[in-house]
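First the structure, in the form of structure tokens, and then the observations on it.
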Amino acid sequence: MHIPSLNYAESLEDGKTAGIQILDAFRNPGFLFVENIPSYDSAQLLKWTRWFFTDLSKEEREKLQPNPYRGYMPAQSGKSSYKEIFEIGAFENPHNHPKEVSLERPLEDTNLWPENCDDFKEFCANFHKQMSSVGANLLKWLNGAVAKDHDWVNLFQPNSLSTLRFIYYPQRPEDDALLLSSKDGQRPLHCSEHSDGGFITLLSTFHYSGLQIKTDEDKWKDVELEGREGLVVNIGEMMVRLCAASGETEVKATKHRVADLGADRFSVPFFFEPKWSAAFDGKPYGELVLDHMKAFVEYDKLHQVIAARDSK
Ligand SMILES: O=C(O)CCC(=O)C(=O)O
Ligand SMILES: [Fe+2]
């Protein structure tokens, strides 16, 4: 299916019209394609994504695991999603002490980098900044259409917890339980059905197919982009709540998934998120996320940090 599109460069001149278009897309189907973004270069992004997952050795990637939140996660066979992930945020640690993390704000965890990779690091820092700026503009335009009297952008800046996630979906190993069971007719997935939890997701899918969204009739439809350059954008559950607080109750965090097409796939979502201290339901946003993460096994190390903090 085609999703509505937004011309970003034109929107920079007319944020009011952009706000109406964005709101309309987030009401139905809940996805938007943003194109004509000055200096967005998906070829460069794909080059670095491939470099990280296929040129860098497995051992080098596995070294990037000691931090509680940021860093690398290997693929796990037999699980409903099969993917390797590398995540970075906006916080750097000049002293390069990977295990040091603030007990007060553990999600402001610092990045971990492969050795001798200044060009990769520079690319990532610039890309993180570019996505933050696109996210902030989309938010500002939507804010104008939904809640003129509240400044949402202020919740996100400075020091947002936004995450740049590189994903590699390798082919499942032949003895993967899910692949074996799929031989009975059920199509395996690379990424299982979910709605995003956060605010605004800006996704680079390159030329890969596989992304599917669930329609109101509970049917899965392939997102068709026909090689266009730009970002697939959708909102998460927290953004739905933020809109609802201003009386906008029609926007939705549409369910989506990634079909396993039997070939390698790469994608790069950017999760545009508020700063730690932004108040939601009377709590700092960072504390809300920590609570939410207790349900996820992948964040074992983060749980240990929180348990140590809470026992003090
Ligand atoms: O890989 C994709 O195309 C989608 C990824 C996704 O939905 C996510 O990471 O939340
Ligand atoms: Fe998602």
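All ligand and atom numbering here is 1-based and tracks the order in the structure. The basis for the numbers below is simple: all heavy atoms, side chains too, and nothing from hydrogens, waters or symmetry mates. The residues of the chain are indexed from 1 along the displayed sequence. It should be emphasised that the depicted structure is a prediction, and the values quoted were computed from it without experimental measurement.
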Item to check | Pair Arg70-Thr163, side-chain donor/acceptor within less than 3.5 Å | outcome: yes
Checklist entry - Atoms of ligand 1 less than 4.0 Å from Val258 heavy atoms? => result 1 (O), 2 (C), 3 (O), 4 (C)
Checklist entry - What atoms in ligand 1 come closer than 4.0 Å to a heavy atom of Pro269? => result 9 (O)
Checklist entry - Nearest protein heavy atom to atom 5 (C) of ligand 1, by residue and atom, and its distance? => result Tyr169 OH, 3.5 Å
Item to check | the Fe ion (ligand 2) - name of the N/O/S atom of His256 that sits closest to it | outcome: NE2
Next on the checklist: Regarding ligand 1, does Lys83 bring an N or O atom to under 3.5 Å of one of the ligand's N or O atoms?
Outcome noted: no
Checklist entry - Given atoms OD1 of Asp196 and NE2 of His194, what angle do they subtend at the Fe ion (ligand 2), to the nearest 10 degrees? => result 90°
Item to check | Polar contact flag, side-chain donor to acceptor under 3.5 angstrom, His194-Asp196 | outcome: yes
Checklist entry - Under a 4.0 Å heavy-atom limit, does Phe271 contact ligand 1 with its side chain, its backbone, both, or neither? => result side chain
Checklist entry - Between CZ of Phe86 and CG of Leu64, what distance do you get to the nearest 0.5 Å? => result 5.5 Å
Item to check | Pair Phe53 + Phe166: ring centers closer than 6.0 Å | outcome: no
Next on the checklist: Quick test: of every protein heavy atom, which one is nearest to atom 9 (O) of ligand 1, and how far off is it to 0.1 Å?
Outcome noted: Arg165 NH1, 3.2 Å
Checklist entry - Are more than 12 heavy atoms from other residues, nucleotides or ligands located less than 6.0 Å from atom CG of Asp151? => result yes
Checklist entry - If you measure from each non-hydrogen atom of Leu203 to ligand 1, which part falls under 4.0 Å: side chain, backbone, both or neither? => result side chain
Checklist entry - If you measure from CD1 on Ile200 to CG on Leu139, what distance do you get to the nearest 0.5 Å? => result 5.0 Å
Checklist entry - Is ligand 1 under 4.0 Å from a heavy atom in the side chain of Arg265, in the backbone, in both, or in neither? => result side chain
Checklist entry - With a 6.0 Å cut-off on ring centres, are Phe199 and Tyr285 close enough? => result yes
Checklist entry - Can you tell me how far CD of Gln21 sits from CD of Glu10, rounded to the nearest 0.5 angstrom? => result 8.5 Å
Checklist outcome for this item: of all protein heavy atoms, closest to atom 8 (C) of ligand 1 is His194 NE2, 3.7 Å
Item to check | Atom indices of ligand 1, in the order listed, that fall short of 4.0 Å to a heavy atom of Ile167 | outcome: 9 (O)
Checklist entry - Which word best sums up how the rings of Trp48 and Phe120 line up, parallel for under 30°, tilted for 30 to 60°, or perpendicular for over 60°? => result tilted
Next on the checklist: Please list, in number order, the atoms of ligand 1 under 4.0 Å from a heavy atom of His256.
Outcome noted: 7 (O)
Item to check | Distance-only N or O hit between ligand 1 and Asp196, under 3.5 Å | outcome: yes
